[in-house]
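These notes are about the structure you will find just below.
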Amino acid sequence: MTATRPRARKRFGQNFLEPAWVTKVIRAIAPRAGETFIEIGPGRGALTRPLASQAARVIAYEIDRDLAAELRASGLPNVTVIEGDFLETSVDLPATSHQPPDTLRVAGNLPYNVASPILFTLADLYAQGCPIIDATVMLQREVGDRLIAAPGSREYGVLSVLMQHSASVERLLALPPGAFRPQPKVHSVLVRLTFHPPAPAVLDHAIFVHLVQAVFTRRRKTLANALLAYPGSGAKGTPALPAEALRRAGLDGTRRPETLSVAEFARLADIYASISP
Ligand code: SAM
């Protein structure tokens, strides 16, 4: 057996879950017999082992070559270890199984430095038809706050709008820094995202995403002003000047972007989608 490396690799966001917390986290994830899990960042397998013993199968994505090798060497029969960056690895179910599962659940104690990109990747996978039902993940508390933030609050932003558009978000557990080794400087939360078809549906998902990203780069400006950051605004040959788009969407251009609900962003994005050349 390979000796466990004593030091955690900071650049991979390695904060390993202490054994005392494993049961609580697994109970909150609530794996059931027959389910297939994708685990992001299995590390030394703190969650992988109990998941594998309660569910049918775990497909674990680990960027750290040594940890991936250790986990693979531990020979868990229903665990497939995929070595690589989850952000760059396509989730290719047929390649990992003779019988691709009908549904997938996601779990992970996420590397905090890339937690938001991982969440966006999960939403993209869901949008592309990957059968993800939910994702139960540990995150920095501030990221959890952004996920559940309501319009008008300080935490409300791109992450809130884009994730709430295709998932409902629940906070399940608060974890202090002492729940991990080495201890992070921040507090953590366990959240569950339950994916659903985008609500409300939008005409063009890419336009919706780009528009939300663009206006939040100017969150302190008025909506009319912030919309100028969106390249589709006033593009040559389109009538997409902010004032016109706002009038059609029935939105007051003096509002701040951060006050718009997900539904209002969707309405505005649909105006641009309908007038794009
Ligand atoms: N699941 C383990 C636990 O709870 O003890 C480890 C959690 S640790 C916070 C994050 C894990 O994700 C580490 O094992 C790290 O090497 C891995 N990791 C970091 N970035 C990754 C990425 N982009 N893709 C896949 N794994 C990654």
Side-chain angles (χ1 to χ4, degrees), residues 4-31 37-52 54-55 58 60-64 67-68 71 85-87 105-123 125-126 132-150 153-164 166-195:
T4 304
R5 199 181 51 240
R7 281 174 61 80
R9 286 183 169 141
K10 210 172 167 184
R11 72 177 187 282
F12 291 149
Q14 291 178 353
N15 299 99
F16 300 103
L17 190 64
E18 287 282 57
W21 284 85
V22 170
T23 311
K24 282 184 201 162
V25 170
I26 290 291
R27 199 179 299 139
I29 296 172
F37 274 84
I38 284 187
E39 187 187 4
I40 304 164
R44 296 178 180 142
L47 298 175
T48 323
R49 290 167 214 279
L51 281 176
Q54 294 176 40
V58 181
Y61 292 81
E62 175 55 61
I63 199 171
D64 185 320
L67 291 180
L71 190 58
D85 183 342
F86 180 76
L87 295 172
R105 299 187 65 201
V106 175
N109 171 14
L110 298 188
Y112 292 172
N113 47 343
V114 286
S116 297
I118 287 175
L119 294 173
F120 288 132
T121 300
L122 291 174
L125 284 169
Y126 174 77
I132 300 178
I133 309 174
D134 65 3
T136 313
V137 290
M138 265 165 281
L139 302 155
Q140 185 175 338
R141 184 169 65 191
E142 285 68 22
V143 179
D145 290 345
R146 279 157 54 201
L147 277 174
I148 54 176
S153 65
R154 203 163 45 93
E155 294 81 14
Y156 188 69
V158 178
L159 190 68
S160 330
V161 177
L162 298 186
M163 296 311 296
Q164 290 172 19
S166 55
S168 58
V169 190
E170 246 175 303
R171 207 179 127 125
L172 303 177
L173 209 61
L175 297 99
F180 307 92
R181 183 151 305 172
Q183 290 193 20
K185 291 198 176 70
V186 295
H187 283 255
S188 305
V189 285
L190 181 71
V191 296
R192 174 173 293 129
L193 295 105
T194 306
F195 289 94

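- In this structure, P50 and V22 approach most closely via the heavy-atom pair CG-CG1, 3.9 Å.
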Next on the checklist: Could you walk me through whether L110 and F86 satisfy the side-chain contact (heavy atoms from CB on, under 4.5 Å) test, starting with their C-alpha distance in whole Å, then the side-chain angles of each, then the deciding distance to 0.1 Å, before giving a yes or no?
Outcome noted: CA-CA 11 Å; L110 298 188; F86 180 76; over 6 Å; no
Item to check | side-chain contact (heavy atoms from CB on, under 4.5 Å) evaluation trace for L190 with K24 | outcome: CA-CA 10 Å; L190 181 71; K24 282 184 201 162; over 6 Å; no
Enumerate donor-acceptor pairs with a distance under 3.5 Å from any side-chain N or O in residues 141-150 to protein atoms, sequence neighbours excluded.
unit_1: E142; atom_1: OE1; unit_2: Q140; atom_2: NE2; d: 3.4

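- Closest of all the heavy-atom pairs between A107 and V137 is C-CG1, 4.5 Å.
- Taking 4.5 Å as the limit, every side-chain heavy atom of L67 sits out of range of all side-chain heavy atoms of P42.
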Sequence neighbours left out, cut at 3.5 Å: what donor-acceptor pairs do the side chains of residues 168-180 make with other protein atoms?
none

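- In this structure, Q54 CD and I29 CD1 are separated by 9.5 Å, a value rounded to the nearest 0.5 Å.
- Listed by first and then second residue, the salt bridge (Lys or Arg N to Asp or Glu O under 4.0 Å) pairs that reach into residues 107-122 come to none, sequence neighbours excluded.
- Scanning for side chain to side chain donor-acceptor pair (under 3.5 Å) contacts around E62 gives an empty result, with sequence neighbours left out.
- Among residues at least two apart or in separate chains, salt bridge (Lys or Arg N to Asp or Glu O under 4.0 Å) pairs with a member in residues 173-188 are E18-R181.
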Checklist entry - Should F12 and N113 be marked as a side-chain contact (heavy atoms from CB on, under 4.5 Å) after you check the CA-CA gap, both sets of side-chain angles, and the distance that decides it? => result CA-CA 8 Å; F12 291 149; N113 47 343; over 6 Å; no
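- With sequence neighbours excluded, the residues that form a ring-ring contact (aromatic ring centres under 6.0 Å, His included) with Y126 are F195.
- With sequence neighbours left out, the side chain to side chain donor-acceptor pair (under 3.5 Å) criterion links R27 to no other residue.
- In this structure, F37 has no ring-ring contact (aromatic ring centres under 6.0 Å, His included) partners at least two apart in sequence or on a different chain.
- Here the side chain of D134 pairs no donor or acceptor atom with the backbone of L193 at under 3.5 angstrom.
- The only member of R11, R9, R44 that meets side chain to side chain donor-acceptor pair (under 3.5 Å) when paired with D64 is R9.
- Distance check: L162 CG to L119 CG gives 11.0 Å after rounding to the nearest 0.5 Å.
- Take L87 and apply the side-chain contact (heavy atoms from CB on, under 4.5 Å) test, not counting sequence neighbours, and it matches D85, V114, P117, I118, T121.
- Looking at residues two or more places apart in sequence or on another chain, you find a side chain to side chain donor-acceptor pair (under 3.5 Å) between T136 and R192.
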